[in-house]
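Because only heavy atoms are used, hydrogens play no part in the values below, and waters and symmetry mates are left out as well, while side chains stay in. Positions are given from 1 along the sequence.
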Amino acid sequence: MEISFLEIFILIGVIHGFVLGVIILFSRFFKNEDNAYLAYTLIILSIIGLNNWFWDLGKNPVLISILDLFLWQFLYPVTLFVFFVKKIKHPLVKSNTIFFLYIPFFILSLLNGIISLDTIFGLYEIIIPNKKEIIFFFYKTVSIVSVVFPIIFMAISFRYLFYSNTAFSIKWIKRIWVFISLLEIYGVILEVYRFIYDYKMPLTYLWVGVSVFMYWLIYKGLYQFKLSNDQYEIRNQLQRSKINKKIPKDEVNSYMQQLLILIERENIHHNPDISRDSIAQKLGISSGYLSEQIKKSSNKNFSEFINSYRVKDIQQMILDPEFDKYSILAIGLEAGFNSKTTFYTAFKKETGLSPNEFKKQNQ
């Protein structure tokens, strides 16, 4: 039996997807309830991919026949949807509605299992009038619904992801949505062709795309995945441990006093998009006057002044054992820096050390 390069590529991608799903489920770095649904999705896609890999080869091992008893195409859209809504903390995740989303998978898989145990495994014979016509109608219905089902969930996910106001960045989650949606569109085209012409086309290129998605998630997306989770958890940790600090009174200028309150109590400097104009507007003064007062008070320009408070917060977090499980880069980004380069440059300018050197020196 000859196996092409693309088929080998797909098989390796499917295996990687399965392994990645298991890692996310059990690794201490990624393990949480939200991420578990992404892991379930990857494992389910891997099962479907393995099934289709053997289909394209014209083989049907016993294991694949057993896995084929379940209509997985009605499960992964649900687990992926739940992952999306959990990540944006949508109220839907707290309702009982989620349970009902799994009903199509269970009912259709049950019916498919009953039919397969007769037609494929020969364990018994279903004796009903017009048996062949009913089975044909069932699988035609499954074919149609399997096209509509994922589209509905991706459409609803789009509304939640792209039109929701979240307190944290979900760019990487949106990229996952776009990638999978493109694959869904191609898969729908193949399924429509199958429905119209009653012929299942090879799914090689579809699963090449799925494999590329798996590789992207492993070698690039997973890093951002960890980083985003760290930032989100750091933010929650900061909010839980937030203590009102005493702000030293600035007898010279009340505007600087207000600015320090905004920094120390509202953490406005943790916003990477903060600007001199936005702060001046918040204080009700001109940006030029704000720069003048910052220069007079600290002998720094606006960016240096804001970065100094970011670095101060980073130093506290690096020295706090509660933050040991998070990467230093995640801490820096959550403190308000928008890139690794600006973070490391500002930190070294302020302390004379890199963040890693500072941590080692103070351990």
Side-chain angles (χ1 to χ4, degrees), residues 1-27 29-30 34-59 64 67 72-84 87 146-147 149-155 157-158 161-162 169-194 200-229:
M1 178 179 65
E2 292 187 5
I3 300 177
S4 69
F5 170 78
L6 283 180
E7 288 165 341
I8 294 173
F9 179 84
I10 292 169
L11 182 60
I12 294 173
V14 166
I15 293 171
H16 278 177
F18 183 84
V19 172
L20 176 58
V22 173
I23 289 173
I24 293 173
L25 276 178
F26 296 103
S27 168
F29 292 109
F30 309 111
D34 299 355
N35 299 340
Y37 284 90
L38 179 60
Y40 299 147
T41 303
L42 291 173
I43 291 171
I44 294 165
L45 286 174
S46 298
I47 292 172
I48 297 172
L50 191 63
N51 183 307
N52 282 281
W53 191 80
F54 280 104
W55 175 280
D56 285 346
L57 290 180
K59 303 293 180 181
I64 299 303
L67 291 175
W72 303 102
Q73 64 267 41
F74 295 99
L75 184 57
Y76 84 84
V78 178
T79 56
L80 184 62
F81 174 76
V82 174
F83 166 69
F84 287 144
K87 272 300 172 187
S146 66
V147 171
F149 195 71
I151 292 177
I152 291 173
F153 281 98
M154 295 308 288
S157 301
F158 175 82
L161 289 176
F162 291 84
S169 174
I170 57 170
K171 287 182 180 178
W172 69 277
I173 302 176
K174 290 178 180 178
R175 290 189 186 119
I176 290 177
W177 184 93
V178 170
F179 212 137
I180 292 182
S181 293
L182 292 174
L183 294 173
E184 286 284 4
I185 291 170
Y186 182 58
V188 165
I189 292 171
L190 294 179
E191 196 62 30
V192 169
Y193 184 92
R194 176 188 180 186
K200 185 172 181 179
M201 295 179 64
L203 302 176
T204 304
Y205 291 106
L206 173 63
W207 285 98
V208 166
V210 175
S211 299
V212 170
F213 168 71
M214 301 288 195
Y215 293 131
W216 172 80
L217 200 58
I218 293 169
Y219 298 113
K220 186 177 180 182
L222 196 57
Y223 174 72
Q224 186 64 42
F225 181 45
K226 175 68 168 62
L227 203 57
S228 296
N229 282 333

Requested in this report: For F9, check ring-ring contact (aromatic ring centres under 6.0 Å, His included) against everything at least two apart and list the hits.
Outcome: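 Scan of F9 (ring-ring contact (aromatic ring centres under 6.0 Å, His included), adjacent residues dropped) gives Y215.
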Query - Non-neighbouring partners of Y76 that pass ring-ring contact (aromatic ring centres under 6.0 Å, His included), sequence neighbours left out - result: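 For Y76 there are no ring-ring contact (aromatic ring centres under 6.0 Å, His included) partners, ignoring immediate neighbours.
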Of all the heavy-atom pairs spanning [X] and [Y], show the shortest one and how long it is.
X    : Y    : result
E7   : W53  : O-NE1, 2.8 Å
G209 : F179 : O-CE2, 3.9 Å
L183 : L206 : O-CD1, 3.5 Å
A39  : G21  : CB-O, 3.2 Å

So [Y] and [X], do their side chains get closer than 4.5 Å, heavy atoms only?
X    : Y   : answer
L50  : F54 : yes
V78  : Y37 : no
F213 : L42 : yes
I44  : Q73 : no
I176 : F84 : yes

For the atom pair [atom1] ([X]) and [atom2] ([Y]), what is the distance rounded to the nearest 0.5 Å?
X    : Y    : atom1 : atom2 : result
W177 : L80  : CH2   : CG    : 10.5 Å
I48  : I43  : CD1   : CD1   : 12.5 Å
I10  : I15  : CD1   : CD1   : 12.0 Å
M154 : F149 : CE    : CZ    : 13.0 Å
T79  : W72  : OG1   : CH2   : 10.5 Å
N52  : I64  : CG    : CD1   : 9.5 Å

Query - Residues in side-chain hydrogen bond (donor to acceptor under 3.5 Å, both in side chains) contact with S46, at least two apart in sequence or another chain - result: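 So S46 forms no side-chain hydrogen bond (donor to acceptor under 3.5 Å, both in side chains) with any residue.
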Report task. Would you check if the side chain of N51 reaches a backbone N or O of I47 as a donor-acceptor pair within less than 3.5 Å? Result ->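 Here the side-chain-to-backbone pair does not exist.
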Query - Residue F18 excluded, over 12 heavy atoms near CZ under 6.0 Å - result: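 12 or below, so no.
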